[in-house]
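Notes for the one structure printed next.
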Amino acid sequence: MTLPADLEVIASLVPAGSRVLDLGCGDGSLLAHLQASKGCSGYGVEIADGNLRQCVARGVNALQLNLEDGLALFDDKSFDVVLQLDTLQHLRNTERMLRETARVGRIGIVAFPNFAHGPNRLRVALGRMPVTKTLPYQWYDTPNIRVGTLADFEVLARRCGLRVTDRFGLHEGRVVRRWPNLLASVAVFRFEAG
Amino acid sequence: MASVGLVTPQFMSFSEPLPLKSGAVLPAYTLAYETYGTLNAERSNAVLVCHALNASHHVAGTHADGSVGWWDNLVGPGKPLDTNRFFVIGVNNPGSCFGSTGPMHTNPATGRPWGADFPVVTVEDWVDAQARLVSALGIETLAAVVGGSLGGMQALAWSLRHPARVRHVVAVATAPNLSAQNIAFNEVARRAIVTDPEFHGGHFYAHGVVPQRGLRVARMIGHITYLSDDAMEAKFGRELKAGPGAALGYSTQAVEFQIESYLRHQGDKFSNYFDANTYLLITRALDYFDPAAEHGGHLSKAFAAACGRRFLLVSFTTDWRFSPARSREIVKALVDNRIDASYAEIDAPHGHDAFLLDDARYHGVMRAFFDGIDRVGGSTP
């Protein structure tokens, strides 16, 4: 099974055999890949009916829960890795979710669109909101309730008492480690509870 | 989609007494059951369907009298629980009134109908009786056990009492035990029956009467709790029986509103076919179900026994009798034990009754789960 290049990079961050909780797991393709190729196990959390059905169809454990209600269902440190990919920008209570992620998992991995990516900056400098591959929505019609930057997340992570163990950018499937806040369309952070 | 067609109930008698949770025993007994589809050579494609309060072994297909199975929209050729691939078993529980040994049958000790003396049966006792039927059909391990509401409790109990004999568990619109409010509704229903002058302490058969008034009220209160407030409002609102704009009768006794007419109709229908002692027994089985109780109230400890099974849980957002919060308690117990499980919370408007309806999201996830069983379990005939 082939994953989009960005997901391949994320999958490579997950140690083999991990217990994984994927918050906002979509159609379950990443979890299915981790199960099949890295011997991982665990659960996805997903709110959309169609995605949930697809998870079940591909043999991925999926729980239909609203992440806004928190992670009370999951015990402290009950997962090796908690993933939050393309999820953060849809949630109202980002700060609580990050603290909960660090509580439930030994390692947290977060990926989200980096608003400080060069083309976005240019677009804003020209007076318009960006519409790109990573941020494909018009400002008036978007499921994203917030946008943030790689640099912004550093500040929030400190505020939440998280210890960032790795951070880099992704752009069109390539890892960007040099000036990621300018050159990458996606921000990726790996962190642990401080 | 096709139906399994014409079906005929079968009966199997068991001479070995069934020890019950209460300490009593059910001496000899007979179970009514139906099967659909074909058992494969490996005997690995059997799925047991457990029934809820007022249903029976007649799960799918049509009887000669035209009655259609209670889960016919789910079970059949090409349906989510596909009888082209699975061998599906429906069984009537002891204590019921649809063919299996129940209170209206003869108590061998007295030569008279059991009546109120029929031993109190629990969800666990039913599951033990079902396990004997499954064995007698030559099946060691079920591909899955499936149920909704009280049937869901039986599916859960299978995973706790006979975990080695079931690979998958599907529990819909169910709960790990009844809340005080739920027991309260059951108690109102039971009091309605027991205080009916024609109940005669449960031995009404000898008097040639039926406590129909009690049964009607029991059914009416039950029915209210199976529907959501919104569904009832949408279906009936304040509509008058006499039609829109009709003059009010200013009567305290006559049927004025459509909802009254509907409830009375449901009550009348029910009181003509359901047994009063069965109603008492089945509501009691609901009240007593509480697998966490034997583990100091820790549901997660109870579900340690179910490790290795795969679960699908489904709840409905407007079901206030078996609410999503109760299903999430079960999900938590499964997650705590690292048991493979999926959970669907379907945003359906119909209340508890939704588990009997064919909502596409609900049946879609059921189909996906059963298809997965077929894939990993080698259950193709």
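Side chains included, hydrogens not; waters and symmetry mates left out as well; all remaining heavy atoms used. Treat the numbers as computed from the prediction; the structure is a model and nothing was measured. Below, chains carry the letters A, B, ... as their sequence lines are ordered, and counting in each starts from 1.
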To the nearest 0.5 Å, how far apart are CD1 in B:Ile346 and CG in A:Asp49? 5.5 Å
Minimum heavy-atom separation for A:Ser78 to B:Arg338, with atom names? O-NH2, 3.6 Å
Reported CG-to-CG distance for the pair A:Leu73 and B:Leu334, which is rounded to 0.5 angstrom: 9.5 Å
Donor-acceptor contact below 3.5 Å, side chain A:Gln64 vs main chain B:Glu345: yes
Identify which part of A:Leu65 has an atom lying under 4.5 Å from any heavy atom of chain B, answering side chain, backbone, both or neither. side chain
Atom pair OH (A:Tyr43) and CG (B:Asp340), whose distance is rounded to the nearest 0.5 Å: 6.5 Å
Within a reach of under 6.0 Å around NZ of A:Lys133, are more than 12 heavy atoms found that belong to other residues, nucleotides or ligands? no
Non-hydrogen atoms of chain A under 4.5 Å away: do they reach the side chain of B:Asp347, the backbone, both or neither? neither
Take atom CZ in A:Arg146; do more than 12 heavy atoms of anything else shown fall under 6.0 Å from it? yes
Heavy atoms of other groups near B:Lys301 NZ, more than 12 under 6.0 Å: no
Separation between OG (B:Ser300) and CG (A:Asp75), nearest 0.5 Å, reads 7.5 Å
Note: A:Val60 and B:Ser342 closest approach over all heavy atoms is O-OG, 3.5 Å
B:Val335 vs A:Leu63, test: side chain to side chain contact (heavy atoms under 4.5 Å, CB included). Steps then yes/no. CA-CA 10 Å; B:Val335 168; A:Leu63 310 176; 4.0 Å; yes
Without swapping roles, check the side chain of A:Asn61 against the backbone of B:Ala341 for a donor-acceptor pair under 3.5 Å. yes
To the nearest 0.5 Å, tell me how far A:Leu52 CG sits from B:Arg361 CZ. 12.0 Å
Would you say A:Arg163 has more than 12 foreign heavy atoms packed within less than 6.0 Å of its CZ? no
